[in-house]
Peer 1: 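Just dropping this structure here.
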Amino acid sequence: MNYKEALDFLEDIKKVGSKPGLTAIGQLLEELGSPQKEMAFVHVAGTNAKGSVSAYIASILACASYVTGRFSSPAVFVYEEMIQVLTGEPESSLDKAASGESSAHSPIHISPIEKEELASCIEVIKAACIKMAEEGKEHPTAFEVETAMAFLYFRRKNCDIVVLEVGMGGRLDATNIIEAPKCAVLTSISMDHWEYLGNTLKEIAWHKAGIIKPGIPVVSYKQEEEAEKVIKEVAEEKKAALTTADFSDITIHKMDMDETLFDYGAFKNLKIKLLGKHQVYNAATAITAAEALNNNGIPIDTKDIYRGLQCTEWEGRFQRISSNPLIIIDGAHNEGAAGVLAENIRIYLKNKTLYFVMGMFKDKDYEAVLRLTAEYAEEIYCITPPGPRGLPSSQLAEAAARQGAKAVDAVNVRQALSRIKEKAGEAGEYAILAFGSLSILKEIKEEVNCLYQ
C-alpha cells in the first residue's frame, strides 16, 4: 500500500461516521497485538486548550530526554501533524533560560509520521479491519483507525511516553482504551459537541472526566464551578489525587507579540512564545502536570520545564503569520474559545483597525462566537469552510449583521483577503484576524503567502 492508497482508505471509512464507544477500538487493537500496552501515557481531555497544553507537556518531556509521542486532532496544515515524535538534545543554550537568557536554537526535534510509515501502518490496520468484518464485528471509525495508527507508530519508534489528546469527550472516546496513564489532564471545559456529550456543562464535564482512572494523579485547569464539582466527584470516586492549577499564583511581567514573561509559584521568569493570557494559564496547567509526573515515576528537572515551555510551538492558535500587514490566525470556533479570542484582541490589537475573515461550521454556536467578537471588527468578511459541515458564508454574514456588524459575504478566502487588501491599502494601522473552523487556516496561510510575499 502506498501513501495515496492509505489516505483513500481513511477517506472511504469516514462514511462509518462517529460512533462513541470502546468496543471496536478494543477489538482492533487486539488484532494489532495491543501496542498501547507497551508505553506510558499522559491523557489530555477538555473543550479548549487541549492542543496547547499537550504541546507544552510534550515539549517538557522531550527536553527531559524522553522519546515522546504526541497524538492530536484534527490536522490543520498537513495530515501527518496529527502523529508526531519529539526528541530532545541533552544540552543546549536554552539550558540558560532559567537565568533569563534566550536562544533561537530549539532543544527539541519534532518529527511528524513519515508518509511511508503511515502507509505501512494503514496496510496492517486495513487487514485487521477486513478480518474483523469477516468475523461479523463492527468496522472501526476513521478516528479509531487513526488512534490505532498512532499506537502502532509510537511502538515502532520505541516511545517512552505518549501525550494522548482526546478526540471528543473522553469517557467513550477511542483514546480512553488505554489503561492507567501516568497522569490525566483536564483542560478548560465549556459547551461544545452537545449533540454527543449533553446539553449542560455538568453532562459534558462527566464525559471529559471519564479519562480519570483509579489511583492516578489528575491535574485540572481552573474550571467553572459546575464542571469543577463533577471532576472532584469522579476523582474521589476513583480515589485519584486531584490537583487544580492555581492561577492566583501567576504574575505576568510582560506580554507582547514576541513573548510572554511570567512567574508561576516558585517558577520565576518563565518564557513562552505562544500568545495570549490564556496561554499563561495553559502553561501553568502543563507545569502542574509535569510536577505530577515527576511524583509518579517520570523524573523531570526544573530546567526541562523552562526549556520545554520556551520552545513550545503550536500553529493556528492566535498565531502571527505576517507582520506587514499584521495577520493573525486562530481556531476559535466555540463560545469558550471566542471569549479568549476577545481578550486577546483587547490585549494585542486594541489600536488596530481590525478586519475579520471568518468561517464556521454549521453545527457550532456561531451566534455565540459573534456575540463575543463582532464588536471589535471594522468589517467581517464571511467565507464558507470546505466540506458538508461548512456554514454558507451568506448565513454567517446575516448572523453578523444581526450583531450590528458590517458584514461582507466574501464566499471564499481569496476574495476575502483580496478585498481587504484593496480596501485597506497601505494606509493606517490595520490588522487581519482570520478565525473560526480550523479547516480554513491552511488555505488562509497559503493565500497570505501569495498576496503579501
Side-chain angles (χ1 to χ4, degrees), residues 46 48-60 72 76-77 81 94 97 102-104 106 108 110 187-188 221 245 247 250-264 267 269-287 305-334 336-358 369 372-373 376-377 429-436 438 440-442 444-445 448 452:
N48 297 308
K50 293 194 301 291
S52 298
V53 172
S54 295
Y56 283 128
I57 294 171
S59 292
I60 290 169
S72 61
V76 178
F77 298 107
E81 73 189 34
L94 274 180
S102 63
S103 169
S106 174
I108 62 171
I110 303 175
T187 67
S188 176
Y221 191 97
F247 296 161
I250 292 171
T251 302
I252 298 175
H253 299 295
K254 183 184 78 168
M255 291 182 69
D256 59 33
M257 293 296 292
D258 294 316
E259 66 178 10
T260 299
L261 179 67
F262 68 101
D263 301 338
Y264 179 52
F267 294 89
N269 296 319
L270 293 154
K271 292 181 180 179
I272 56 174
K273 291 185 289 187
L274 300 185
L275 301 177
K277 189 175 181 181
H278 68 295
Q279 289 296 355
V280 177
Y281 299 149
N282 294 340
T285 305
I287 292 170
I305 293 175
Y306 277 89
R307 293 167 66 202
L309 293 182
Q310 187 172 343
C311 68
T312 299
E313 297 182 356
W314 187 223
E315 287 198 287
R317 280 68 178 180
F318 205 78
Q319 178 191 6
R320 178 176 55 186
I321 60 171
S322 171
S323 296
N324 186 24
L326 178 60
I327 303 176
I328 292 172
I329 57 175
D330 190 72
H333 60 269
N334 57 40
V340 169
L341 180 59
E343 180 180 52
N344 284 339
I345 291 171
R346 292 190 292 269
I347 293 171
Y348 297 100
L349 303 172
K350 58 185 176 182
N351 297 320
K352 301 284 187 181
T353 299
L354 191 55
Y355 297 93
F356 285 0
V357 177
M358 186 176 177
V369 173
L372 291 166
T373 60
Y376 300 103
E429 286 291 318
Y430 80 95
I432 298 172
L433 176 59
F435 70 97
L438 288 167
I440 70 175
L441 301 187
K442 179 181 179 181
I444 287 168
K445 197 172 181 182
V448 165
Y452 292 101

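Position 1 is the first residue of the sequence, and the numbers go up from there. Side chains are part of it too, since the values below use all heavy atoms of this structure and drop only hydrogens, waters and symmetry mates.
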Peer 1: Between I250 and K277, is there a side-chain heavy-atom distance shorter than 4.5 Å?
Peer 2: no
Peer 1: Using every non-hydrogen atom in the two residues, find where H333 and A337 come nearest and quote the distance to one decimal.
Peer 2: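 Taking every non-hydrogen atom into account, N-CB, 4.2 Å.
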Peer 1: For G316 versus L441, what's the shortest heavy-atom pair and its separation?
Peer 2: O-CD1, 3.6 Å
Peer 1: I need the N344 CG to I328 CD1 distance, nearest 0.5 Å.
Peer 2: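 N344 atom CG to I328 atom CD1 measures 8.5 Å (nearest 0.5 Å).
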Peer 1: Any idea which heavy atoms bring S52 and R317 closest together, and the distance?
Peer 2: OG-CG, 4.4 Å
Peer 1: Starting at CD1 of I432, measure out to CD1 of I444 and round the result to the nearest 0.5 Å.
Peer 2: 10.0 Å
Peer 1: Run the numbers on D263 and N269 for side-chain contact (heavy atoms from CB on, under 4.5 Å), then give the verdict.
Peer 2: CA-CA 5 Å; D263 301 338; N269 296 319; 4.1 Å; yes
Peer 1: Identify, with sequence neighbours excluded, every residue that meets ring pair (Phe, Tyr, Trp, His ring centres under 6.0 Å) alongside Y264.
Peer 2: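 With sequence neighbours excluded, Y264 shows a ring pair (Phe, Tyr, Trp, His ring centres under 6.0 Å) to no residue whatsoever.
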Peer 1: Quick one: pull up OG1 in T312 and CD1 in I60 and give me the separation to the nearest 0.5 Å.
Peer 2: 6.5 Å
Peer 1: I need the D330 CG to L438 CG distance, nearest 0.5 Å.
Peer 2: 8.5 Å
Peer 1: For Y56 and I272: C-alpha separation, side-chain torsions, deciding distance, then whether side-chain contact (heavy atoms from CB on, under 4.5 Å) applies.
Peer 2: CA-CA 10 Å; Y56 283 128; I272 56 174; 3.5 Å; yes
Peer 1: Compare every heavy atom of T187 with every heavy atom of N48, then report the nearest pair and how far apart it is.
Peer 2: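 Shortest heavy-atom separation between N48 and T187 comes out as O-OG1, 2.8 Å.
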Peer 1: Do the side chains of Y348 and M255 get nearer than 4.5 Å, heavy atoms only?
Peer 2: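 A side-chain contact under 4.5 Å exists here.
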Peer 1: Y376 pairs by side-chain contact (heavy atoms from CB on, under 4.5 Å) with which of L433, L349, L341, I345?
Peer 2: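 It is I345, the one option of L433, L349, L341, I345 that forms the side-chain contact (heavy atoms from CB on, under 4.5 Å) with Y376.
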Peer 1: For the CD atom of Q310 and the OG atom of S59, what is their distance to the nearest 0.5 Å?
Peer 2: 11.5 Å
Peer 1: After noting the C-alpha distance and the side-chain angles of L309 and I287, does the key distance pass the side-chain contact (heavy atoms from CB on, under 4.5 Å) rule?
Peer 2: CA-CA 9 Å; L309 293 182; I287 292 170; 3.7 Å; yes
Peer 1: Heavy atoms only: give me the nearest N282-A49 pair and the separation to one decimal.
Peer 2: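 So the two residues come closest at OD1-CB, 3.3 Å.
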Peer 1: Can you classify the ring geometry of Y281 versus F247 as parallel (below 30°), tilted (30 to 60°) or perpendicular (above 60°)?
Peer 2: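 It falls in the parallel class, under 30°.
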Peer 1: Does D258 pair with R320 as a salt bridge, N-O distance under 4.0 Å?
Peer 2: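 Judged by the 4.0 Å cut-off on N to carboxylate O distance, D258 and R320 do form a salt bridge.
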Peer 1: Can you confirm whether or not the ring centre of F318 sits under 6.0 Å from the ring centre of F435?
Peer 2: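 No, ring centres 6.0 Å or more apart.
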Peer 1: Atom NZ of residue position K352 - does it have more than 12 heavy atoms of other residues, nucleotides or ligands inside 6.0 Å?
Peer 2: yes
Peer 1: Ring-plane angle category for Y355 and Y430, please: parallel below 30°, perpendicular beyond 60°, tilted otherwise.
Peer 2: perpendicular
Peer 1: Verify side-chain contact (heavy atoms from CB on, under 4.5 Å) between E315 and V76, making sure each step is shown before the conclusion.
Peer 2: CA-CA 8 Å; E315 287 198 287; V76 178; over 6 Å; no
Peer 1: So which heavy atom on K445 is nearest to which on F77, and how close?
Peer 2: CD-CE2, 3.7 Å
Peer 1: Look up atom CG in D256 and atom CD in E259, then write down how far apart they are to the nearest 0.5 Å.
Peer 2: 6.5 Å
Peer 1: Would one find more than 12 heavy atoms of other residues, nucleotides or ligands at under 6.0 Å from atom CD of E343?
Peer 2: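 Count over threshold, so yes.
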